[in-house]
Visitor: 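Dropping the structure in here first, questions after.
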Amino acid sequence: MVAAPADGEDRATEAALRPKDLDGFIGQERVREQLDLVLRAARQRSATADHVLLSGAPGLGKTTLAMIIAAEMEAPLRITSGPAIQHPGELAAVLASLTGGEVLFLDEIHRMSRPAEEMLYLAMEDFRVDIVVGTGLEATAMSLELPPFTLVGATTRAGLLVPPLRDRFGFTAHMEFYEPAELERVIHRSARLLGVEIEPAGATEIAGRSRGTPRISNRLLRRVRDYAQVTADGVVTREIAAAALGVYEVDCRGLDRLDRAVLNALLKLFGGGPVGLATLAVAVGEERDTVEEVAEPFLVREGLLARTPRGRVATPAAWAHLGLAPPPEPSWVAPPGPHRNGDSDRRARPEGTPNGPPP
Ligand SMILES: Nc1ncnc2c1ncn2[C@@H]1O[C@H](COP(=O)(O)OP(=O)(O)OP(=O)(O)O)[C@@H](O)[C@H]1O
């Protein structure tokens, strides 16, 4: 899948393409400006920077920014993730081994267990953790002082963070999808680093199909480079980019196979919806999280799909994009009533609101 993190050679290339400082970080002007102030002020005070929370869809640069924060603060970086910390003891071990000023990057922070999360509140605020040593009658509580550190939390689901955790971040930033012009700059920069010759129209073609996401731009650039190398003289022109992306099933609007599978299921199996997320995920043979976090944000942003309290619905643009005729009375304007296509998850919890992710 195009949006998934890279493997093997791609992973190594992805690391090599990461900007190393804020000046090299393209786009996200407001976040960059605000973060620059936070870091500069901390450096002037010779203090550790405040905790930072970065939210946004996968591949928008959260990990890259965490690395930049550490580099700008000339501090070591420790990387872990919410799923890796299920027990408070695991978090205590990480925290206790931090050195003064270190930056701790906690990816997918919303997936940490609740007890670990509670330990993190205290660590963030008082630089202290309370741990229990021993078991049963032998158990004793100990308080462990920590050196000051900067926590950089990253999440694709800021809404899932409980307020006590969210409020302990001194700076929170939401990363937006990138404009095509910004992605063109990302592509030209990456092409330069990879030694790929690319024409401006070639970069425009790739940017337009990148779903607002630099990771996808870089991924598509690598695939187009392969195609240009094998079938032509290695130069990425508009025609070469379009032909290569056709081979990789990325359409002119940037929809990949998963996106089209979601839309196809929604339109052809469920008549345009409303349909519950879990049902939709089963229909396309994907994890619910993958559909919700990878495909949906882009489809919603493109105006192809809407999240409503009654389920996911296709918009008229979705029917047009797949070249299908919408039903005479589209389901997305139907008055509230009993659900079609019985779906237990829809009855168990509301599917969300038109303007935001489900609770
Ligand atoms: N603003 C940017 N300028 C240039 N390149 C960028 C930018 N943001 C991201 N990239 C590139 O996109 C790739 C993915 O970025 P990164 O891993 O930081 O995303 P992420 O938000 O942490 O994703 P995930 O949530 O999946 O971990 C990186 O290799 C980096 O080179």
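Values reported hereafter were calculated over all heavy atoms of this structure, with side chains retained and with hydrogens, waters and symmetry mates removed. Every value quoted in this text rests on a predicted model; they were computed, and no experiment measured them. Counting starts at 1 for both ligands and their atoms, in listed order.
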Visitor: Of Ile216, Ile187, Val250, Asn218, which meets side chain to side chain contact (heavy atoms under 4.5 Å, CB included) against Ile206?
Guide: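 Checked Ile216, Ile187, Val250, Asn218 against Ile206; only one passes side chain to side chain contact (heavy atoms under 4.5 Å, CB included): Ile187.
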Visitor: Please determine whether any non-hydrogen atom of Gly59 lies less than 4.0 Å from an atom of ligand 1.
Guide: yes
Visitor: Is the closest heavy-atom distance from Arg18 to ligand 1 below 4.0 Å?
Guide: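 A heavy atom of Arg18 does come that close to ligand 1.
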Visitor: Would you mind listing which atoms of ligand 1 come within a distance below 4.0 Å of any non-hydrogen atom of Lys62?
Guide: 18 (O), 19 (O), 20 (P), 21 (O), 22 (O), 25 (O)
Visitor: Side chains of Glu108 and Ser81: any donor to acceptor distance under 3.5 Å?
Guide: no
Visitor: Hydrophobic cluster mates of Ile26, side-chain heavy atoms under 4.5 angstrom, ILVMFWY only, any path?
Guide: Val186
Visitor: Please check if any side-chain donor atom of Arg78 sits under 3.5 Å from a side-chain acceptor atom of Ser97, or the reverse.
Guide: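 There is such a pair (donor and acceptor under 3.5 Å, judged by atom type) between the side chains of Arg78 and Ser97.
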Visitor: Report yes if Pro19 has an N/O atom closer than 3.5 Å to an N/O atom of ligand 1; otherwise report no.
Guide: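 In this structure, Pro19 places no N or O atom under 3.5 Å from an N or O of ligand 1.
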Visitor: Report the hydrophobic cluster partners of Leu39, with the cluster defined as I, L, V, M, F, W, Y residues connected by side-chain heavy atoms closer than 4.5 angstrom, directly or transitively.
Guide: Leu22, Phe25, Val31, Leu35, Val38, Val52, Leu54, Leu60, Leu65, Met67, Ile68, Ile69, Met73, Leu77, Ile79, Val103, Phe105, Val152, Phe171, Met175, Phe177, Tyr178, Leu183
Visitor: For ligand 1, which atoms have a heavy atom of Thr64 less than 4.0 angstrom away?
Guide: 15 (O), 16 (P), 18 (O), 28 (C), 30 (C)
Visitor: Spell out, as yes or no, whether a donor-acceptor pair under 3.5 Å connects the side chain of Thr290 to the backbone of Glu286.
Guide: no
Visitor: Do any nitrogen or oxygen atoms of Pro214 come within less than 3.5 Å of a nitrogen or oxygen of ligand 1?
Guide: no
Visitor: Measuring from atom 1 (N) of ligand 1, which candidate in Leu17, Asp107, Ile26 has the nearest non-hydrogen atom?
Guide: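 Among Leu17, Asp107, Ile26, the closest heavy atom to atom 1 (N) of ligand 1 comes from Ile26.
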Visitor: Taking N or O atoms only and a 3.5 Å limit, does Thr156 qualify as a polar contact for ligand 1?
Guide: no
Visitor: Evaluate the ring planes of Phe149 and Phe127, with Trp represented by its six-membered ring, and classify them as parallel (under 30°), tilted (30 to 60°) or perpendicular (over 60°).
Guide: perpendicular
Visitor: Are Ile198 and Val230 joined in one hydrophobic group, where the rule is that I, L, V, M, F, W and Y side chains link up if heavy atoms are under 4.5 Å apart?
Guide: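 Different clusters: Ile198 never reaches Val230 through Ile, Leu, Val, Met, Phe, Trp or Tyr contacts under 4.5 Å.
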Visitor: Is ligand 1 under 4.0 Å from a heavy atom in the side chain of Asn218, in the backbone, in both, or in neither?
Guide: side chain
Visitor: Could you tell me whether some N/O pair between Leu60 and ligand 1 is separated by less than 3.5 angstrom?
Guide: yes
Visitor: Consider every N or O of Arg189 and every N or O of ligand 1, then say whether any pair is closer than 3.5 Å.
Guide: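 In fact, backbone or side chain, Arg189 has no N or O that close.
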